[in-house]
Amino acid sequence: MTGRCWTELRRPLRAVPVLEQVLAGFDDAHARDKALYLSWLADSYLAAGEIEQAAAITGRVLDLSAGVASVRPRQRVTPVLQRLAAHRELPQVAEVLEKARAS
């Protein structure tokens, strides 16, 4: 929750370490929750100007949320995808935008 709050407050330098630490112990078996928290991590990376890292994490959100019976992870990551679109010239961003269109 702390990382989510720092993300919403647009304090990525505080959010990223907290979220990465928590997510390191999260098993993929908890795909919905992990995808949600990864969406906040992607948002924080994007706010910090780490575009490629934001794209990589967003791709992971899309992978994890593909098999869950909840639309919330996809709803959470949609604004991140929209902001990433401004950087579509970067190969990693173009790839994740294509993945989002295909899913």
Worksheet entry | Point-to-point distance, once rounded to the nearest 0.5 Å, from OG1 of T58 to CG of L81 | 6.0 Å

Worksheet, complete the sentence: dist L38:CG -> D33:CG (nearest 0.5 Å) comes out at 11.0 Å

What pair of heavy atoms forms the shortest contact from [X] to [Y], and how long is it?
| X | Y | answer |
| --- | --- | --- |
| T2 | V18 | CB-CG1, 4.1 Å |
| L13 | P17 | O-CD, 3.3 Å |
| V61 | P73 | CG1-O, 4.3 Å |
| L64 | A31 | O-CB, 3.7 Å |

Can you name the side-chain contact (heavy atoms from CB on, under 4.5 Å) partners of [X], sequence neighbours left out?
| X | result |
| --- | --- |
| L9 | W6, R11 |
| E8 | W40, R76 |
| H30 | F26, D27 |

Discussion item. Are L62 and L97 connected into the same hydrophobic cluster when the rule is that any two of I, L, V, M, F, W, Y join if their side-chain heavy atoms are below 4.5 Å apart?
Written reply: yes

Worksheet entry | Within one Ile-Leu-Val-Met-Phe-Trp-Tyr cluster: V68 and V77, side-chain cutoff 4.5 Å | no

Discussion item. According to salt bridge (charged side-chain N to carboxylate O under 4.0 Å, His left out), does anything in residues 45-69 pair up with another residue at least two apart or in another chain? List the pairs.
Written reply: D28-R60, D63-K99

Discussion item. Does anything in residues 14-25 form a salt bridge (charged side-chain N to carboxylate O under 4.0 Å, His left out)? List the pairs, not counting sequence neighbours.
Written reply: none

According to side chain to side chain donor-acceptor pair (under 3.5 Å), who are the partners of [X], at least two apart in sequence or on a separate chain?
| X | answer |
| --- | --- |
| S70 | R32 |
| T7 | S44 |
| R4 | none |

Worksheet item: Which residues pass the salt bridge (Lys or Arg N to Asp or Glu O under 4.0 Å) test with E95, sequence neighbours left out?
Response: none

Return a table of donor-acceptor pairs under 3.5 angstrom between the side chains of residues 82-93 and protein atoms on other chains or two or more places apart.
unit_1: R83; atom_1: NH1; unit_2: D43; atom_2: OD1; d: 3.1
unit_1: R83; atom_1: NH2; unit_2: D43; atom_2: OD1; d: 2.9
unit_1: R88; atom_1: NE; unit_2: A85; atom_2: O; d: 3.3

